[in-house]
Amino acid sequence: MEENRNTEIIDKMTKVCICKGIPRSTMKRAIREGAGTLKEVQGITGAGSGPCGGRRCTPKIEQLLLEKEEWLK
């Protein structure tokens, strides 16, 4: 339980999309609620629409999509 709480705190503090300031917790919520592709996550969260055009956040979102089975437990 303590580990889950720590993970939640870290996810809220860790920015996946630096340009827009979007935390990992927002990305995970979008995926948990049904977003299954990069484009869907970006559309829901607004990630990838900042000045870098997604060059920074795209690999991080793709990694979250690949690892979703681990953190959905």
* **Residue pairs passing the salt bridge (charged side-chain N to carboxylate O under 4.0 Å, His left out) test where at least one lies in residues 9-25, sequence neighbours excluded** =>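 Residue pairs with at least one partner in residues 9-25: D11-R24, D11-K28.
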
* Distance in Å, Q42 CD paired with C17 SG, rounded so as to fall on 0.5 Å steps ->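 Answer for the CD-SG pair, Q42 versus C17, is 8.5 Å.
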
* Nearest-0.5 Å distance, CG of residue N6 to CD of residue E2 ->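 If we round to the nearest 0.5 Å, N6:CG and E2:CD are 5.0 Å apart.
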
List the atom of [X], the atom of [Y], and the distance in Å for their closest heavy-atom pair.
X   : Y   : answer
C19 : G50 : CB-CA, 3.9 Å
C52 : R55 : O-NH1, 2.8 Å
I10 : T14 : O-OG1, 2.7 Å
C57 : G48 : SG-N, 3.5 Å

* Flag the pair E62 / T58 as yes when at least one side-chain heavy-atom distance between them is below 4.5 Å, and no otherwise. =>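 Heavy-atom side-chain distance check passes, below 4.5 Å.
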
* Asked: Given side chains that start at C-beta, do those of I18 and K60 come closer than 4.5 Å, heavy atoms only?
  ->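 SC-SC contact between I18 and K60 confirmed.
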
Using distance only, find each side-chain donor-acceptor pair of residues 32-41 under 3.5 Å and give its atom names and separation, not counting sequence neighbours.
unit_1	atom_1	unit_2	atom_2	d
T37	OG1	E40	N	3.1
E40	OE1	G36	N	2.5
E40	OE1	T37	N	3.2

* Cluster question for you: counting only ILVMFWY and a side-chain heavy-atom cut-off of under 4.5 Å, with indirect links fine, are V16 and L65 together? ->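 Linked within one cluster.
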
* To do: Could you list the residues that satisfy side-chain hydrogen bond (donor to acceptor under 3.5 Å, both in side chains) with E8, not counting sequence neighbours?
  =>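 Testing E8 for side-chain hydrogen bond (donor to acceptor under 3.5 Å, both in side chains), a comparison that skips the adjacent residues, returns R5.
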
* To do: Output yes when a side-chain donor or acceptor of T26 lies under 3.5 Å from a complementary backbone atom of I22, and no otherwise.
  =>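 Not at all, since once roles are kept as given, no pair shorter than 3.5 Å links the two residues.
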
